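Just so it is clear: chains get the letters A, B, ... in the order the sequence lines come, proteins before strands, and each one is counted from 1. Treat the numbers as computed from the prediction; the structure is a model and nothing was measured.
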4 protein chains.
Amino acid sequence: MPTKPRFRRRKEDRPNEITEAAFVEFSRKGYAATRVTDVCKRAGVSKGLLYLYFKTKEDLFKSVIRNFVVPQVDALKLAIESSPLPAEAFLRGPFLKLMQELVNSRAQTVIRLLIVEGPKHPDLTAYYCDHVIAEGSAVMQKLINKGVANREFVPSALQEFPQLLLGPVLISVVWKSLFERHRALDTDALIAAQLDLVLKAIKPTHAQEVTA
Amino acid sequence: MPTKPRFRRRKEDRPNEITEAAFVEFSRKGYAATRVTDVCKRAGVSKGLLYLYFKTKEDLFKSVIRNFVVPQVDALKLAIESSPLPAEAFLRGPFLKLMQELVNSRAQTVIRLLIVEGPKHPDLTAYYCDHVIAEGSAVMQKLINKGVANREFVPSALQEFPQLLLGPVLISVVWKSLFERHRALDTDALIAAQLDLVLKAIKPTHAQEVTA
Amino acid sequence: MPTKPRFRRRKEDRPNEITEAAFVEFSRKGYAATRVTDVCKRAGVSKGLLYLYFKTKEDLFKSVIRNFVVPQVDALKLAIESSPLPAEAFLRGPFLKLMQELVNSRAQTVIRLLIVEGPKHPDLTAYYCDHVIAEGSAVMQKLINKGVANREFVPSALQEFPQLLLGPVLISVVWKSLFERHRALDTDALIAAQLDLVLKAIKPTHAQEVTA
Amino acid sequence: MPTKPRFRRRKEDRPNEITEAAFVEFSRKGYAATRVTDVCKRAGVSKGLLYLYFKTKEDLFKSVIRNFVVPQVDALKLAIESSPLPAEAFLRGPFLKLMQELVNSRAQTVIRLLIVEGPKHPDLTAYYCDHVIAEGSAVMQKLINKGVANREFVPSALQEFPQLLLGPVLISVVWKSLFERHRALDTDALIAAQLDLVLKAIKPTHAQEVTA
DNA sequence: TATGAATGAGATTTCATTCAT
DNA sequence: TATGAATGAAATCTCATTCAT
């Protein structure tokens, strides 16, 4: 068997391979504690090559965030917009599942990294704000509004603050990274509970139905 | 013998002064980016002295967290236990105010620091878990249960997951540190909205009351 | 067989093209701060090709020096030897002009590079010493001596140190690279002044002429 | 005998010790090729300490230049201004000696370093221009003018370009660093020759004296 | 010939921690 | 107690050079 070739020459794949490795390292140790060398080792690449594709460590970090964030939001948008289900059914079905999965996905890492490093990178948070927060909120808002229009829901503050649905997701993510080893939390149940409470609050009561 | 000269600080104050200075520095730059020297400068103390009281930078960090966390929880416990108000009135009154204040208090900093550094310090998160999470949850749970016992509230998942009330607090804290400069968020309204929705969900409806 | 296509450069030109590009880069940033990559870019050539012609960066440097130095000296030699003018007329005419031009020519760059890198490359300075210094001095010496023989000039230390004529050239070169932006210097006048003073010193005075 | 103490605690001397060491290293290898580590080793100091006193390597370099330049110029100024000698006697005596010594002094190194690094550090050359070039020229100019006023000298371009006297000094410095090992040059004689020629040119001739 | 992706040694700089005073 | 000069390990980043293609 031949020795490992020193050169591999795969220009197109390299940036992704490196970003992937960086994601893993960052998610384990956080940005500051991750050494560029470790990323290189994981990617099976020399330091020089990493710096060929990413001007600085910070650059690499931004690339990690951007790479893993956009697909998620797009998936959500697509799911909501293409679904024929009525609002409540959609929320209790695909939407709940998506939120529950978020907690165990890479989103967890990205959220933690953002919380940590965000304040130092205004351009990154601006990007995130526009592409994730704004679009995500808009899409959820549209869904709630559709329900109100349908008479599935009564008007409520949720129309203004659709992100309330994500409160337990954030709690879960933080919990998992901090307390999971000390105390279990059934994040699926937590997220479902919030959805349930909120739906109970915004669904017309019998009295209202009668009145209407 | 004369009294101690006033310009000479009493040594017992030193650790607190240092912790206080460290809090400020950590909250501005985060743990990794804070230099011990800066903490010393702010505290008006030499490096040697700091290392007399705190074995390592990490040690200092833990002290910061512990110092600012316990009083908060104690205040909450006291407020809940000593209040004569019925559950809903308490939630809509003092409790809401307390949650809203949390967002602008030092809690914000502590939460961010914990998220960042927590994973590296299991003992710290264990401590936090026991003293803040567990006690805080217990106290909120007792409050909800009291409301249920009173027939103010119907049974709900909130009894199992009282932390759902804090979802919007966490959202607010994260928002403030990341997105505030790009997009405003009325955190008071957000927190109030969640409380309102949840109360709507767990208060007996007319129908239920009649039935019951 | 058809003629070689014109868009394909003939390989014999490549080394010169590279040396030319290197000259430009070296003269802008100095040897150490010039990256081989930049030379390649300027020459429109890949790194591999550069290293085909020049074993190392140092090698390239030496080639630059040699390439631009020899023609200059040859021009001077030719000018002096083929000129029918008497010594003073030659000095005040073509020689002065040549010196003045030197300051703005590539010689400036070469001199700076030599001063910087020379000490590290004894073989290069040896080459330079033999081909530029020795020959240049000899040629100027011959000129002065001719003037003395003619009775245009009286004997003087200039016969031993003809390089004194170049003092202001060196001053000008250094000045231009260091101080020009802060303080202007009329280098043409400076060089002319030295020539004038020296000629005044070595031309026979009336008294001497009479005596003689 | 005890082991070498790790700490020496000589705050006041350190910057000078380090600058001195840096001077030696820079003068041997030039700025770019000198490693900070080498300077530290020579100074018997850790890298951290060097960076306590000098923010960057460049900073250290500037300090080297400034430290060795000012005393020289001050010495020249003092010598000229306090001397009772007539102009020619001063030039042939103390001034000649000073120029000759310059070649073998640290000035040689400083000049080489300046030529090499100057173009990259406009602030440094500005400083040098003001403190060395301007003041040096002014002081030489005053000397020449005094001689003209005295009728020791006739008016000449030397009044405008006193730096012509330094031409052979520059030649000598460059020669020593580049060609000395290949070909000897009697720099003392070279400098004296220039002075002699120039004086011959600017002293009144017999004819002129008679006429006048 | 010709390319340019890939290497890796080595440079500068930072900062938590120590300890002579 | 109290100081802050001094340490040195370790991190990021650069660039001359190589070699599979």
Open item on the list: By nearest atom, which of the nucleotides dT18(F), dA6(E), dT7(F) is closest to the Y51(C) side chain?
Closed with: dT18(F)
Open item on the list: As a check on the pairing definition, encode DNA chain F in dot-bracket form, counting Watson-Crick and G-U wobble pairs whose two distances are under 3.5 Å, and using | for partners outside this strand.
Closed with: .||||||||||||||||||||
Task: Touch class at under 4.0 angstrom, heavy-atom based, for K47(D) against every strand present - done: base
- [ ] Output all residues satisfying side-chain contact (heavy atoms from CB on, under 4.5 Å) with K120(C), sequence neighbours left out; order by chain, then residue number.
- [x] E117(C), A33(D)
Task: Results of side-chain contact (heavy atoms from CB on, under 4.5 Å) for S63(C) - residues two or more places apart only - done: T19(C), F54(C), N67(C)
- [ ] Among dT3(F), dA16(E), dA6(F), find the nucleotide with the atom closest to the side chain of L49(B).
- [x] dT3(F)
- [ ] For the residue pair Y31(D) and H121(D), categorise the inter-ring angle as parallel (less than 30°), tilted (30 to 60°) or perpendicular (more than 60°).
- [x] perpendicular
Task: Pairwise C1' distance, dT1(E) and dT21(F) [rounded to whole Å] - done: 13 Å
Open item on the list: What is the distance, to the nearest angstrom, from the CG atom on L60(A) to the P atom on dA11(F)?
Closed with: 16 Å
Task: Main-chain N/O of E25(C) paired with T34(C) side-chain donor or acceptor, under 3.5 Å - done: yes
TODO: Could you note down all residue pairs passing salt bridge (Lys or Arg N to Asp or Glu O under 4.0 Å) where residues 48-61 of chain C supplies at least one of them, sequence neighbours left out?
DONE: E58(C)-K62(C)
TODO: Respond yes when some side-chain nitrogen or oxygen of R14(B) is under 4.0 Å from OP1 or OP2 of dA2(F), and no when none is.
DONE: yes
Open item on the list: In whole Å, I'd like the distance from the CZ atom of F54(B) to the P atom of dA2(F).
Closed with: 13 Å
TODO: Looking only at side-chain atoms of L52(D), point me to the closest of dA16(E), dA6(F), dT1(E).
DONE: dA6(F)
Task: DNA chain F: 5'-proximal contact among T56(C) and S46(B) (nearest heavy atom) - done: S46(B)
Task: Rounded distance in Å - CZ (F61(A)) to C1' (dT12(F)) - done: 17 Å
Open item on the list: Could you tell me if R14(B) sits above the aromatic ring of Y53(B), with its cationic atom closer than 6.0 Å to the ring centre and no more than 45 degrees from the axis?
Closed with: no
Task: Proximity to DNA chain E (any heavy atom under 4.0 Å), residues of residues 22-35 of chain D only - done: T34(D), R35(D)
Task: K41(A): side-chain hydrogen bond (donor to acceptor under 3.5 Å, both in side chains) partners, not counting sequence neighbours - done: none
Task: Spacing of L50(A) atom CG relative to dA11(F) atom C1', expressed in whole Å - done: 14 Å
Task: K55(C) vs K57(A), nearer the 5' end of DNA chain F by closest nucleotide - done: K57(A)
Task: Donor-acceptor contact below 3.5 Å, side chain H182(A) vs main chain Y127(B) - done: no
- [ ] Measure the distance from OH on Y53(D) to P on dT14(E) and round it to the nearest whole Å.
- [x] 17 Å
- [ ] Specify the separation, in whole Å, of atom CG of D59(A) and atom P of dT14(F).
- [x] 11 Å
- [ ] Return the orientation label for the F61(D) and F26(D) ring planes: parallel under 30°, perpendicular over 60°, tilted otherwise.
- [x] perpendicular
